[in-house]
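Comments concern the structure below.
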Amino acid sequence: STLTSDQDAPKIILELNKFLKSDDIIIPEIIEDNLSSLVYYIDGNLIQTDNTGIDISTLDDGQHSLTINALDKFGLKSSETFDFVVDKRLPSLELLSQNNSKISKRLDIQVSVSDQNLPNSDYLSFLLPNGERILDKKSYSFDTSNLDEGKYSVQVYTQDKAKNILSSKIIFEIDHS
């Protein structure tokens with residue numbers, strides 16, 4: 001192949017969420033026709049990688065930095081550092097509501113959620129039996145007077161900034177007698 005003179009250093013492109021979970025893969029893109037070397041460091045340590053991306057499952061929870069050094073055949077260099085947080089822990093979700101209860105007019109839903117990386121919004125949702133979704137309310141009173149008698153459930157989901165998702169179910173029975 002022919003070397004064509006270029007004045008542009010390699011371009012390093014990486015769209016990276018600040019919070020990553022253990023099965024996330026980091027896939028940087030390097031734009032350079034005459035790439036000579038590409039070196040990756042995580043937290044200052046040289047890492048080996050292939051074209052499937054950088055596996056972060058072995059990293060501990062917490063703050064990390066990825067530095068990418070790219071060099072082309074003309075000696076032009078680029079270096080970029082990206083900071084991210086690994087969060088492998090699921091949020092904790094505690095159902096404070098009575099489970100398997102018999103009710104008539106309303107179901108009082110109460111939950112407790114905790115995680116060190118909870119987002120300000122979209123961290124908690126209830127999917128009600130009528131298809132309605134309630135967001136970010138740790139307590140909610142669900143009017144069940146329009147439901148027929150029988151067994152129902154409310155799906156409860158919580159997720160942290162790394163998209164670690166935990167779900168649970170509140171089961172209840174409607175009895176209008």
- Take Ile26 and Phe82 through the test side-chain contact (heavy atoms from CB on, under 4.5 Å) and record every step on the way to the result. CA-CA 11 Å; Ile26 299 175; Phe82 303 91; over 6 Å; no

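- A pairwise comparison of heavy atoms in Leu118 and Gln159 identifies CD2-O, 3.9 Å as the closest pair.
- Between the side chains of Ser36 and Asp72, no donor N or O sits under 3.5 Å from an acceptor N or O.
- With a 4.5 Å cut-off on side-chain heavy atoms, Ile25 and Ile54 do not count as touching.
- Contact between Leu90 and Asn164 at its shortest, heavy atoms only, is CD2-CB, 4.0 Å.
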- Message: Could you go through Gln63 and Asp83, starting from their C-alpha distance and side-chain angles, then the distance that decides it, and tell me whether this counts as side-chain contact (heavy atoms from CB on, under 4.5 Å)?
- Response: CA-CA 7 Å; Gln63 184 86 32; Asp83 293 321; 3.6 Å; yes

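- Electrostatic pairing of Arg89 and Asp61 counts as a salt bridge here, judged by a charged N lying under 4.0 Å from a carboxylate O.
- Residues Val111 and Leu96 have side chains not in contact (no heavy-atom distance under 4.5 Å, counting atoms from C-beta outward).
- If you take OG on Ser92 and CG on Asp115, they are separated by 7.5 Å, rounding to the nearest 0.5 Å.
- Nearest heavy-atom pair across Lys21 and Lys163 is NZ-O, 3.3 Å.
- Residues Pro10 and Ile30 share a closest heavy-atom pair of CB-CG2, 4.3 Å.
- Between Asn69 and Tyr41 the shortest side-chain heavy-atom distance falls below 4.5 Å.
- Annotation: salt bridge (Lys or Arg N to Asp or Glu O under 4.0 Å) contacts involving residues 9-18, sequence neighbours excluded, are absent.
- Using a 4.5 Å heavy-atom cutoff, the side chains of Asp8 and Leu76 are not in contact.
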- Message: Leu14 vs Leu66, test: side-chain contact (heavy atoms from CB on, under 4.5 Å). Steps then yes/no.
- Response: CA-CA 11 Å; Leu14 179 58; Leu66 167 67; 3.9 Å; yes

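- In this structure, the separation between NZ on Lys88 and CG on Asp24 is 11.5 Å, given to the nearest 0.5 Å.
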- Task: Assess whether side chain to side chain donor-acceptor pair (under 3.5 Å) is satisfied between Ser141 and Arg106, documenting all intermediate values.
- Result: CA-CA 7 Å; Ser141 186; Arg106 67 189 177 96; 3.3 Å; yes

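- A side-chain donor from one of Thr67 and Thr81 sits under 3.5 Å from a side-chain acceptor of the other.
- Applying the side-chain hydrogen bond (donor to acceptor under 3.5 Å, both in side chains) rule to pairs touching residues 128-140 yields Ser125-Arg133, sequence neighbours excluded.
- Taking both residues in full, the closest heavy atoms of Ala70 and Leu35 are given as CB-CD1, 4.2 Å, listed atom of the first, atom of the second, then distance.
- The ring-ring contact (aromatic ring centres under 6.0 Å, His included) check on Tyr40 picks up nothing, with sequence neighbours excluded.
- One finds the CD1 atom of Ile68 at 11.0 Å from the CD atom of Glu29 (value rounded to the nearest 0.5 Å).
- To the nearest 0.5 Å, atoms CD1 (Ile171) and CG (Leu107) are separated by 11.5 Å.
- Side-chain atoms of Ser22 never come within 3.5 Å of backbone atoms of Ser57 as a donor-acceptor pair (strictly under, hydrogens ignored).
- One N or O on the side chain of Glu149 and one on the backbone of His176 form a donor-acceptor pair closer than 3.5 Å.
- Applying the 6.0 Å contact sphere to CG of Asp148 captures no more than 12 heavy atoms from other residues, nucleotides or ligands.
- Checked by atom type and distance alone, the side chain of Ser97 pairs as donor or acceptor with a backbone atom of Gln110 at under 3.5 Å.
- Under a 3.5 Å cut-off, the side chain of His64 and the backbone N or O of Ile56 do not form any donor-acceptor pair.
- For the pair Asn17 (side chain) and Phe19 (backbone), a donor-acceptor distance under 3.5 Å is absent.
- Checking Asp87 against Asn117 by side-chain atom types alone, a donor-acceptor pair falls below 3.5 Å.
- Between the CD atom in Glu32 and the OG atom in Ser78 there is a gap of 8.0 Å [rounded to 0.5 Å].
- Heavy-atom neighbours of Asn120 CG from other residues, nucleotides or ligands within 6.0 Å: at or below the threshold of 12.
- Annotation: side chain of Val85 is not in contact with side chain of Leu20 (no heavy-atom distance under 4.5 Å).
- Separating the CG atom in Asp43 from the OG atom in Ser65 is a distance of 5.0 Å, to the nearest 0.5 Å.
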- Query: For Asp55 and Asp23, what are the C-alpha separation, side-chain angles and deciding distance, and is it a side-chain contact (heavy atoms from CB on, under 4.5 Å)?
  - Reply: CA-CA 8 Å; Asp55 176 7; Asp23 60 354; over 6 Å; no

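- Annotation: side chain of Lys105 is not in contact with side chain of Ile103 (no heavy-atom distance under 4.5 Å).
- By the 4.5 Å heavy-atom criterion applied to side chains, Leu128 and Tyr152 are not counted as neighbours.
- Taking every heavy atom of both residues into account, Tyr123 and Thr158 meet most closely at O-OG1, 2.7 Å.
- In this structure the side chain of Leu166 never reaches within 4.5 angstrom of the side chain of Asp160, judged on heavy atoms.
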